[in-house]
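First the proteins, then the strands, lettered A, B, ... as listed; each starts at 1.
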Protein chains: 2
Amino acid sequence: MITTEAKIKEQVEKIGVVCDKDGFPPLAGRLLGFLMLAEPPHKTFDEMVDFLQASKSAVSNTLKFLEAQKMVDYITFAGDRKRYFRMNVEGWGQVVGQRLDFLVNMQEKVKEVLAIRTTDHPEFNQGLHNIYLLYQTFIDELPRIIQKWEEAKKKHT
Amino acid sequence: MITTEAKIKEQVEKIGVVCDKDGFPPLAGRLLGFLMLAEPPHKTFDEMVDFLQASKSAVSNTLKFLEAQKMVDYITFAGDRKRYFRMNVEGWGQVVGQRLDFLVNMQEKVKEVLAIRTTDHPEFNQGLHNIYLLYQTFIDELPRIIQKWEEAKKKHT
DNA sequence: TTATTAGTTCTGCAAAAAAAGAACTAAAAA
DNA sequence: TTTTTAGTTCTTTTTTTGCAGAACTAATAA
């Protein structure tokens, strides 16, 4: 399979758009896309600056962001002081898990609200309680999903 | 249970922060919080302007946003031309479902990337494939989660 | 020691997002 | 018909975010 530079650029932009829509900072999705498509899958700071046609500061800050999200990390090689950044494919379970933190936080707030509300509007309170249960179900089922994933990984190797 | 205005304001702000962290527009989380705590659980436009100490335009646009997310809707009463906005507790399954659209979009991008990549870095490709499987597992398990939720709701009524 | 490399941090500036306030609209009321 | 109500939309201002480029830092190399 020969993939042209143009094709890669196009795909990087598409990944950028998906991430953009999800609220990522503008460069973050494209940088992630670049690393996703990179051959070899680890690239230097300068290669990213070059490919993304962005400033060093923009790349540095975007890397900081993606590292905080555990989406990107880097490796080094003896006798070479460059860092080789790569998509952190091993840590992706954690990445997705982190995204679900919102559920936990929001569930807590709903719980607090239920403790505060009067009993004057039982139907609404019930609806709110159901939302609480929805979050609870997600939280409860998460380990099962991870387990299913582990099984799926085994099958596919 | 008597809950002071101050206590409610505080809780609204806390809900605002949780939503903020998740990328909501600034007013959206607070407006949602206000409706979550509202007694009765439906409030007029003016009550929201008043409570949130924001302009009518800010409230109008925020309502538009929350309605698009299916987080808020409104009811009307005969002989009263006001709209009574409320948290759409019934539609929350859809709200959470919508948030998972990112998984579907991202999975598709990962799939496309796998189709483009060479076989030169099988370990990385495997990692990427595992991410694909993670998304797939979530997508597969979603109906089961909804079903579990339905069961939980029955138990708690 | 001085110079180079591999980034990071700081200083503005430009673009985008959010908010305010005014102008507007559609329906109902007077 | 005019007025009021309940919002929406438009215009301007303010705030926030993102970026570039320069200055800086820490480590290596010459």
Side-chain angles (χ1 to χ4, degrees), chain A residues 12-13 15-35 38 40 42-69 71-86 88, chain B residues 12-13 15-35 38 40 42-69 71-86 88:
Chain A
V12 166
E13 292 304 318
I15 293 167
V17 169
V18 168
C19 292
D20 238 53
K21 280 188 194 165
D22 200 56
F24 281 53
L27 253 188
R30 303 213 300 262
L31 177 35
L32 189 65
F34 175 60
L35 292 179
H42 46 264
K43 294 287 175 186
T44 65
F45 188 85
D46 281 339
E47 286 173 310
M48 293 188 279
V49 167
D50 187 51
F51 181 91
L52 297 169
Q53 297 176 84
S55 66
K56 291 203 294 171
S57 56
V59 170
S60 178
N61 287 320
T62 302
L63 279 174
K64 197 157 72 174
F65 170 82
L66 290 170
E67 285 173 4
Q69 306 291 311
M71 287 178 166
V72 164
D73 63 358
Y74 61 84
I75 51 174
T76 52
F77 298 101
D80 180 351
R81 57 171 149 157
K82 287 189 193 73
R83 268 119 98 160
Y84 290 83
F85 296 91
R86 60 178 187 185
N88 180 17
Chain B
V12 166
E13 292 305 318
I15 293 167
V17 168
V18 168
C19 291
D20 238 54
K21 280 190 195 163
D22 199 57
F24 281 53
L27 251 189
R30 303 212 300 259
L31 177 33
L32 189 66
F34 174 61
L35 291 180
H42 47 265
K43 293 287 175 188
T44 65
F45 188 84
D46 280 338
E47 286 174 309
M48 293 187 280
V49 167
D50 187 52
F51 181 91
L52 297 170
Q53 297 178 85
S55 65
K56 291 202 294 171
S57 56
V59 170
S60 179
N61 288 319
T62 302
L63 279 174
K64 198 157 73 175
F65 171 82
L66 289 170
E67 286 173 7
Q69 307 290 313
M71 287 179 165
V72 166
D73 63 358
Y74 63 85
I75 52 174
T76 52
F77 298 101
D80 180 351
R81 57 172 149 157
K82 288 190 193 72
R83 268 120 99 158
Y84 290 82
F85 296 91
R86 59 178 189 185
N88 180 18

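Taking 3.5 Å as the limit, the base of dG21(C) and the side chain of S55(B) contain no donor-acceptor pair of atoms between them.
Bracketed by its first and final contacts, the part of DNA chain D lying under 4.0 Å from non-hydrogen atoms of chain A reaches from dG18(D) to dT28(D) in 5' to 3' order.
Remark: side-chain polar atoms of S60(A) are not paired, donor with acceptor, to backbone N or O of K56(A) under 3.5 angstrom.
Between F77(B) and H42(B), the ring planes are tilted. Angles from 30° to 60° get that label. Classification of the F65(B)-F24(B) ring pair by plane angle, with boundaries at 30° and 60°, yields perpendicular. Classification of the F34(A)-F51(A) ring pair by plane angle, with boundaries at 30° and 60°, yields parallel.
Shown here for P26(B) and D20(B), the closest heavy-atom pair between the two residues is CA-OD1, 3.6 Å.
When rounded to the nearest whole Å, the span between CZ of F24(A) and C1' of dA16(C) equals 20 Å. The separation between I75(A) atom CD1 and dA6(C) atom P is 16 Å, rounded to whole Å. Between the CZ atom of F85(A) and the C1' atom of dA6(C) there is a distance of 9 Å, rounded to whole Å. Summarising the geometry, the separation between CG on L63(B) and C1' on dA19(C) is reported as 15 Å, rounded to the nearest angstrom. Across the protein-nucleic acid pair, F65(B) atom CZ and dA17(C) atom P stand 13 Å apart, rounded to whole Å.
Comparing dG21(C), dC10(C), dA18(C) by their closest approach to the side chain of P26(B) singles out dA18(C).
Of the residues in residues 76-84 of chain A, R81(A), K82(A), R83(A) come within less than 4.0 Å of DNA chain C through at least one heavy atom, sorted by number.
Within the 4.5 Å cutoff, the side chain of R83(B) has heavy atoms near those of the T76(B) side chain. Residues R86(B) and V72(B) form no side-chain contact, since every pair of their non-hydrogen atoms from C-beta on lies 4.5 Å or further apart.
In the displayed structure, F45(B) atom CZ is contacted under 6.0 Å by more than 12 heavy atoms of other residues, nucleotides or ligands.
Each of R30(A) and K56(A) has a nearest nucleotide on DNA chain D; the 5'-most of these lies closest to R30(A).
Residues that satisfy the salt bridge (Lys or Arg N to Asp or Glu O under 4.0 Å) test with E13(B), not counting sequence neighbours, are R30(B).
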